[in-house]
There are 2 protein chains.
Amino acid sequence: MNEMTNEICTIKEMCDLYKVTPRTLRFYESKELLFPIREAQRRLFTRRDRARLKLILQGKRFGFSLEDIRQLLNLYDIGDQQKTQLAKTYELATQRLQVMIEQKNELASAIRDLKEMLQWGKKVLDSRGINIGMPKN
Amino acid sequence: MNEMTNEICTIKEMCDLYKVTPRTLRFYESKELLFPIREAQRRLFTRRDRARLKLILQGKRFGFSLEDIRQLLNLYDIGDQQKTQLAKTYELATQRLQVMIEQKNELASAIRDLKEMLQWGKKVLDSRGINIGMPKN
DNA sequence: CCTTACTATTACGTAAACGTCAACTATGAC
DNA sequence: GTCATAGTTGACGTTTACGTAATAGTAAGG
């Protein structure tokens, strides 16, 4: 190990660190989400790539598409020069939040409905002497 | 209109009633989810088909796949003869409920995280005199 | 030198749930 | 007869985020 090994890492190390497959990292590169440097054919991922990957994974959790994420990362990269761009990012995230809240509400209502159906089903089954357990919520 | 027109309806009427496209209904038929009768090439959807379609749409809300739904519908059709089958349906629904609850929790936590990020972003933007509004939750 | 472990590129496959399009057919209106 | 309207089948396209070979190059260890 030479000085500052932790500055760059191989594809395998990245995979272990972030629980992704090599295919995924190559795919992200092809989609211009990551820009590993090349050392004789091999990819070397920098601190910057790791930071970006973290954001990518977060973004996925939030339900952003990879294309959305790419654009957001570009905005970050262009940097804090243009307020419009920061505000734009903020706005996009806000919209996503709204969607997520709606999804959560719809999901909650679907859960209620399904629970109701299950209780009804349980009655039927009980009345026939069939025994089952309810979910432990 | 002859006696009991509301017994059967055309594909168009189905589409209007349930807000689906003709393609969708034909697709469901091809997947053996619906069994409209044929009157010289045309499909005629019966009360049974409408009942099934309602269940299909409900099932989709609950996140069941069409294949899951098909099997569940078959179980319902076979009817209340075999307790094992009823119990099986019940179990499947219970499992789905668990998954939905987990999804809701993950979604809730993602919402919390995103809100946090937004608050952080708001601070940055505020500190630069850029004005925006927070979501009304 | 040989094996083993890693990595690379290219390209086709996958999943779900339809959309889209082409080419017919049937029906009623005029 | 013929135009318009609706319906039909069949086949291929779409989307997203990778998976899965197949093939080949390279570097380290023994």
Side-chain angles (χ1 to χ4, degrees), chain A residues 1-2 5 8-46 49 52-73 96 99-100 103, chain B residues 1-2 5 8-46 49 52-73 96 99-100 103 106 110:
Chain A
M1 307 186 186
N2 54 16
T5 292
I8 55 178
C9 55
T10 73
I11 200 168
K12 187 90 177 34
E13 292 166 345
M14 285 289 276
C15 292
D16 294 344
L17 271 172
Y18 298 100
K19 310 293 175 192
V20 294
T21 69
R23 179 70 180 93
T24 298
L25 294 177
R26 295 190 195 108
F27 180 74
Y28 288 171
E29 183 187 8
S30 79
K31 292 292 175 183
E32 301 191 302
L33 290 164
L34 297 177
F35 305 95
I37 55 182
R38 296 306 186 97
E39 185 200 56
Q41 306 279 356
R42 311 260 138 102
R43 289 169 178 80
L44 292 180
F45 295 85
T46 67
D49 291 311
R52 291 176 72 94
L53 183 53
K54 269 185 211 165
L55 288 174
I56 292 167
L57 298 178
Q58 271 292 314
K60 277 169 61 77
R61 268 193 73 215
F62 295 154
F64 286 103
S65 73
L66 290 184
E67 174 56 18
D68 285 343
I69 294 172
R70 192 185 63 80
Q71 292 181 25
L72 289 176
L73 286 174
R96 192 87 261 287
V99 171
M100 288 171 66
Q103 281 180 359
Chain B
M1 307 188 185
N2 53 15
T5 292
I8 55 178
C9 55
T10 72
I11 199 167
K12 188 85 174 38
E13 291 167 346
M14 286 289 277
C15 292
D16 294 343
L17 270 172
Y18 297 99
K19 310 294 174 190
V20 295
T21 70
R23 180 70 180 94
T24 299
L25 294 176
R26 295 190 198 107
F27 181 73
Y28 287 171
E29 183 187 9
S30 79
K31 292 293 177 183
E32 302 191 302
L33 290 164
L34 297 177
F35 305 96
I37 56 182
R38 295 310 185 93
E39 185 200 56
Q41 307 280 354
R42 311 262 139 97
R43 288 169 178 80
L44 291 179
F45 295 85
T46 67
D49 291 311
R52 290 175 74 94
L53 183 53
K54 270 185 211 164
L55 288 174
I56 292 167
L57 298 178
Q58 269 292 313
K60 278 170 62 76
R61 268 192 73 213
F62 296 154
F64 287 102
S65 74
L66 290 184
E67 175 56 17
D68 285 344
I69 294 172
R70 191 185 65 79
Q71 293 180 26
L72 290 176
L73 286 174
R96 192 85 264 285
V99 171
M100 287 169 68
Q103 282 180 358
E106 161 60 12

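Chain letters run A, B, ... following the sequence lines, proteins first and then strands; every chain starts at 1. Any value given below was found using the heavy atoms of this structure, including those in side chains, with hydrogens, waters and symmetry copies removed.
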Original post:
Can you name the closest pair of heavy atoms from A:Arg52 and A:Leu33 and give their distance?
Top reply: NE-O, 2.8 Å
Subject >> Minimum side-chain heavy-atom gap A:Leu53-A:Leu25 below 4.5 Å >> reply: yes
**OP:** Heavy atoms only: give me the nearest B:Cys15-B:Thr21 pair and the separation to one decimal.
**Re:** SG-C, 3.5 Å
**OP:** Respond yes when some side-chain nitrogen or oxygen of A:Thr10 is under 4.0 Å from OP1 or OP2 of C:dT7, and no when none is.
**Re:** yes
**OP:** I would like to know whether A:Tyr18 and A:Lys54 meet side chain to side chain contact (heavy atoms under 4.5 Å, CB included); could you show each step before the answer?
**Re:** CA-CA 8 Å; A:Tyr18 298 100; A:Lys54 269 185 211 165; 3.6 Å; yes
**OP:** Work out which heavy atom in B:Met100 is nearest to a heavy atom in B:Phe62; give both atom names and the distance.
**Re:** SD-O, 3.3 Å
**OP:** Go through C:dT20, C:dA8, C:dA26 for me and flag the one nearest to the B:Arg23 side chain.
**Re:** C:dT20
Subject >> Sugar-phosphate only, base, or nothing, as touched by A:Arg26 at under 4.0 Å among non-hydrogen atoms >> reply: base
Original post:
If you pin A:Thr21 and A:Gln41 to their nearest nucleotides in DNA chain D, which one's is more 5'?
Top reply: A:Thr21
Subject >> Spacing between B:Leu34 atom CG and C:dC18 atom C1', to the nearest angstrom >> reply: 14 Å
Original post:
Whole Å only: how far is the NZ atom of B:Lys31 from the P atom of C:dC18?
Top reply: 11 Å
Original post:
End-to-end bend of the helix from C:dC1-D:dG30 to C:dC30-D:dG1 (five-pair axes, 10° rounding)?
Top reply: 20°
Original post:
Is there a residue in residues 56-66 of chain A whose heavy atoms reach under 4.0 Å of DNA chain D, and which residues are they?
Top reply: A:Lys60, A:Ser65, A:Leu66
**OP:** Could you check whether B:Lys12 gets within reach of a base, just the sugar-phosphate, or nothing at all, counting any heavy atom under 4.0 Å?
**Re:** sugar-phosphate
Original post:
Is there a donor-acceptor pair under 3.5 Å between the side chain of A:Asp16 and the backbone N or O of A:Glu13?
Top reply: no
**OP:** Compare every heavy atom of B:Ile11 with every heavy atom of B:Phe45, then report the nearest pair and how far apart it is.
**Re:** CE1-CA, 3.7 Å
Subject >> A:Arg61 bridged to B:Glu106 by N-O distance under 4.0 Å >> reply: yes
Subject >> C:dC18 OP1/OP2 closer than 4.0 Å to side-chain N/O of B:Tyr28 >> reply: yes
**OP:** Evaluate the side-chain proximity of A:Ile69 to A:Lys60: yes if any heavy-atom separation is below 4.5 Å, no if none is.
**Re:** yes
Original post:
What is the distance, rounded to the nearest whole Å, between atom CD of A:Glu29 and atom C1' of C:dA8?
Top reply: 11 Å
Original post:
Between B:Phe27 (CZ) and C:dG19 (C1'), how many Å, whole number?
Top reply: 11 Å
**OP:** Send over the distance from A:Arg42 CZ to C:dC6 C1', rounded to a whole Å.
**Re:** 6 Å
Original post:
Given side chains that start at C-beta, do those of B:Ile56 and B:Leu66 come closer than 4.5 Å, heavy atoms only?
Top reply: yes
**OP:** Report the distance from atom CD of A:Glu39 to atom C1' of C:dC6, rounded to the nearest whole Å.
**Re:** 13 Å
**OP:** For A:Glu32 and A:Arg70, work out which heavy atoms get closest and say how close.
**Re:** O-CG, 3.6 Å
Original post:
Can you give the first and last nucleotides of DNA chain D, 5' to 3', that have an atom under 4.0 Å from a heavy atom of chain B?
Top reply: D:dG7 to D:dA11
Original post:
Can you check whether B:Asp68's main-chain N or O pairs, donor with acceptor, with B:Gln71's side chain at less than 3.5 Å?
Top reply: no
